[in-house]
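Below: the structure, in C-alpha cells.
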Amino acid sequence: PLFRSEDLLSHFSKSSYKAKKDPHAEVLLKQCLHLFGRDFSVSLIPNKSGELCSHYPQDIILLENDLHHPLLPGGISECVNDPKKLASMMQKAKRSRCRSRFVVPVILYQNKNICRSATLATGVEMYGRSGLDWISSLKDKVSAEMSGKNEASGNQASGSWDLHSQLKKSDIDLLKCLNVTNICDLMLEQKKVKYGMIVSSSEKADKDQSYSELTLLTMPYPGCELFVNFEAICRKTKGRVKFDWTQSFIDAELFMPTAAKQCLHSLDWSKYKNWDIVELTQNYLKLLLRLLHNGDGGLLVHCISG
C-alpha cells in the first residue's frame with residue numbers, strides 16, 4: 001500500500017529512521033523513485049545495511065539529469081551526477097562529517113545540485129569512527145586472505161598518520177564533484193559544545209581554511225528546539241515569533257561575501273536579529289534561490305546534525 005503524506009509525517013515524527021531496521025523503507029523508496037522518475041533520470045547508490053550511513057535511505061537516490069532540461073547538441077542529455085564515481089567518493093568521505101552524514105545531493109535545479117549533510121566532524125569522531133570501521137572489517141579481511149585474495153582495502157584508519165586532513169580532502173573532492181560552489185552554514189555556533197566538550201566543528205571554524213576555494217555563508221538559524229512548541233508560541237505572539245539571540249552559546253554572526261549580499265541589495269542584513277522567524281526564513285530562502293539562479297554551481301545547506 002502507498003503511503004500518504006500525512007502517514008509519512010506521522011511515521012517519522014514518532015520513530016527515528018534506521019536503514020537496517022525500518023520496515024516501511026522499501027515502500028517509501030518505491031514511491032520516491034516513482035515521483036522522481038517523472039522528471040529525472042534516476043540511479044541508486046546501495047546502502048542496504050547502512051554501510052555508508054545508517055541514517056540515510058537503504059538506496060540513496062541520485063538524480064543524474066533533468067528530463068525537461070534542454071538537450072546538448074546532438075540530442076544528448078547532460079549527465080550531471082555519475083553514480084559510480086560518486087559512490088566511490090562518498091565511501092571515502094563519509095567519516096568527514098558528524099554521524100557519517102556525508103554530503104548528498106537531494107534536489108536538482110537547472111542541473112545544479114542542492115545538497116544536504118551534517119557539519120564537519122571533530123578529529124576525535126573521525127578517528128573513532130575510522131577505528132570502529134577498521135575493527136568491523138577485520139573479519140572480511142581475514143576471510144579474503146584465507147581465500148587467497150590480496151585486497152588492500154579499507155585500512156585507512158591504521159595506515160594514515162593524518163586521517164583528519166585526508167578525510168577533509170575527500171569531503172572537498174566530493175563537493176567539487178557535485179559542483180557545489182556555496183556552503184550555507186545554519187549553525188548558531190562556531191563549534192558545537194556539549195557539557196564543555198567540543199562535539200562538532202564547521203567549515204567556518206576550520207583553522208586550516210581548507211574550504212577557502214568555496215564560498216562560505218554563515219547564516220545562523222534557530223535549531224529544532226525552537227520549533228518543539230512552535231504552534232503554541234505562534235498563538236501567543238500572533239505569528240511574530242522572534243528568536244532570542246542573546247543566549248550565551250550563540251557565537252556565530254551572519255557573514256557572507258559582498259557579492260552574495262548584493263544579490264539582495266535592498267535588504268539591510270545587519271538587522272537580521274530584529275527579523276521574526278518568518279522574515280528570517282523568507283530572506284534566507286530568497287538569497288539561496290538567487291545564488292542558485294545567478295551562479296554556475298550548486299550549494300550545500302547544513303546545520304549540525306543534518
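What you see is a predicted model; the values in this text were computed from it and never measured.
Using a cut-off of 4.0 Å between Lys/Arg side-chain N and Asp/Glu carboxylate O, Glu279 and Lys242 are scored as not salt-bridged.
With Asp171 as the fixed residue, the salt bridge (charged side-chain N to carboxylate O under 4.0 Å, His left out) test singles out one of Lys176, Arg95, Arg97: Arg97.
The environment of CG in Asp208 is crowded: more than 12 heavy-atom neighbours from other residues, nucleotides or ligands sit within 6.0 Å. Counting non-hydrogen atoms of other residues, nucleotides and ligands closer than 6.0 Å to CD of Gln247 gives a total above 12. The neighbour count for Glu6 CD, taken as heavy atoms of other residues, nucleotides or ligands under 6.0 Å away, is above 12. More than 12 heavy atoms of other residues, nucleotides or ligands shown are found within 6.0 angstrom of CD on Gln110.
In the hydrophobic clustering of this structure, Val278 does not group with Leu267; members are Ile, Leu, Val, Met, Phe, Trp, Tyr whose side-chain heavy atoms approach within less than 4.5 Å, directly or through other members. Taken together through direct or relayed side-chain contacts under 4.5 Å among Ile, Leu, Val, Met, Phe, Trp and Tyr, Tyr211 and Phe102 form part of one hydrophobic cluster. No path of Ile, Leu, Val, Met, Phe, Trp and Tyr side chains, each step under 4.5 Å between heavy atoms, connects Leu299 with Met187, placing them in separate hydrophobic clusters. A single hydrophobic cluster is seen to contain both Ile277 and Met219, as judged by linkage of ILVMFWY side chains at heavy-atom distances under 4.5 Å, directly or through other members. A single hydrophobic cluster is seen to contain both Tyr56 and Leu300, as judged by linkage of ILVMFWY side chains at heavy-atom distances under 4.5 Å, directly or through other members.
Ring planes of Tyr221 and Phe227: parallel class, angle under 30° (limits at 30 and 60°). By the 30° and 60° cut-offs, the orientation of the rings of Tyr109 relative to His293 is tilted.
Contact between Thr119 and Ser201 at its shortest, heavy atoms only, is OG1-O, 2.6 Å.
The side chain to side chain contact (heavy atoms under 4.5 Å, CB included) test applied to Ser88 returns Lys92, not counting sequence neighbours.
Side-chain atoms of Tyr272 and Asn283 include no donor-acceptor pair closer than 3.5 Å.
Between Trp245 and Trp275, the gap from one ring centroid to the other reaches at least 6.0 Å.
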